[in-house]
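Written below as structure tokens is the structure these notes are about.
Note that the coordinates shown come from a computational prediction; the quantities given were computed from them, not determined experimentally. Along the sequence shown, the residues carry numbers beginning at 1.
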Amino acid sequence: TSITIPDYVISEMMADNSAGLHVVIAPGGSEVYHSAFNGSQWTTQTIAENLPVFNDNAHLTIAPDGTLHSVWHRQILIGGVPVSHLEYSSFRAGVWTTPSTLPIGVLSSPGPAIGVNALGGAVVTWRARSPVPPVGILSIYASEPSVTGWAPVTRISDRITLGGNDSPLS
């Protein structure tokens, strides 16, 4: 499979327990890909396709049991206005789950991060402007998948400053 990747796309590579290499790529279009290297060849499969409008900033982590977890930024247009979402999928036994949308609230940053907790479950963090008082303050949030969807969102920082500016949105 050949994938055209723009110069600005950043991808992450991780090694699994059997020395296999894994890369997730969201090249800024409607697809998200996973490539794996087994020591002699690369294989590529599509994690998600036909996700309008724009997918980028894919991140990857591997749980101790070998499950891959990926999260990426997805931007869609609602009434001509770009709205950001975070999408999540996991990979086990050769199959990616159908992507699910995180309950991120409003004005997410396009750069999520993902890790695993002590039980090997995914934990996703992101920056967003607060939808509750103090409205518009940039904070860091976290959530993790559960059997029934996503755990309630937790604000893990009350306020962060980027470039000395932490003022609410006007």
Side-chain angles (χ1 to χ4, degrees), residues 9-27 31-39 43-49 51 54-76 83-162 166:
V9 171
I10 298 170
S11 59
E12 288 185 336
M13 179 181 292
M14 298 198 78
D16 63 25
N17 295 336
S18 61
L21 299 176
H22 299 270
V23 178
V24 291
I25 306 161
E31 286 81 26
V32 179
Y33 301 99
H34 165 238
S35 291
F37 184 70
N38 64 9
T43 58
T44 299
Q45 67 187 119
T46 303
I47 299 173
E49 60 187 341
L51 290 176
F54 185 82
N55 296 277
D56 65 355
N57 285 305
H59 297 274
L60 175 70
T61 193
I62 302 177
D65 69 357
T67 300
L68 304 179
H69 300 277
S70 183
V71 65
W72 62 92
H73 170 250
R74 175 178 156 217
Q75 189 175 72
I76 62 173
V83 178
S84 291
H85 293 278
L86 296 180
E87 299 289 326
Y88 164 84
S89 184
S90 63
F91 179 81
R92 177 179 273 171
V95 177
W96 283 96
T97 60
T98 300
S100 62
T101 303
L102 277 77
I104 60 172
V106 295
L107 299 174
S108 165
S109 72
I114 190 164
V116 293
N117 62 23
L119 300 175
V123 177
V124 177
T125 63
W126 64 93
R127 293 179 312 197
R129 300 236 179 236
S130 176
V132 298
V135 174
I137 298 298
L138 192 60
S139 298
I140 299 175
Y141 297 86
S143 187
E144 52 193 286
S146 70
V147 175
T148 59
W150 284 89
V153 172
T154 303
R155 184 167 36 180
I156 58 176
S157 78
D158 289 331
R159 174 177 278 185
I160 61 173
T161 302
L162 297 176
D166 68 348

Gap between atom [atom2] of [Y] and atom [atom1] of [X] - 0.5 Å precision:
X    : Y    : atom1 : atom2 : answer
T154 : I156 : OG1   : CD1   : 8.0 Å
L102 : H73  : CG    : NE2   : 12.0 Å
S100 : W150 : OG    : CH2   : 5.0 Å
I114 : H59  : CD1   : NE2   : 9.5 Å
L60  : M13  : CG    : CE    : 10.0 Å

Contacts of type side chain to side chain donor-acceptor pair (under 3.5 Å), residue [X], not counting sequence neighbours:
X    : result
D16  : S18, H22
T97  : S89
N117 : E144

Heavy-atom distance under 4.5 Å between the side chains of [X] and [Y], does that happen here?
X   : Y   : value
T46 : Y33 : yes
W96 : L68 : yes
R74 : V32 : no

Using every non-hydrogen atom in the two residues, find where [X] and [Y] come nearest and quote the distance to one decimal.
X    : Y    : result
A15  : I62  : O-CD1, 3.5 Å
G120 : A63  : O-CB, 3.3 Å
T101 : H85  : CG2-ND1, 3.6 Å
H69  : A122 : ND1-CB, 3.5 Å

Checklist entry - Does N17 reach the main-chain N or O of P64 with its side chain, forming a donor-acceptor pair under 3.5 Å? => result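 At least one qualifying donor-acceptor pair exists.
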
Checklist entry - Any sub-3.5 Å donor-acceptor pair from S35's side-chain atoms to T44's backbone N or O? => result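 No; judged by distance alone, with no hydrogens or angles, the pair does not exist.
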
Checklist entry - Which class fits the ring pair W126 and Y141: parallel under 30°, tilted 30 to 60°, perpendicular over 60°? => result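 Geometry flag for Y141 against W126: parallel rings.
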
Item to check | Residue of the set P145, P99, P112, S70 for which side-chain contact (heavy atoms from CB on, under 4.5 Å) holds with Y88 | outcome: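 Testing Y88 for a side-chain contact (heavy atoms from CB on, under 4.5 Å) against P145, P99, P112, S70 leaves exactly one candidate, P145.
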
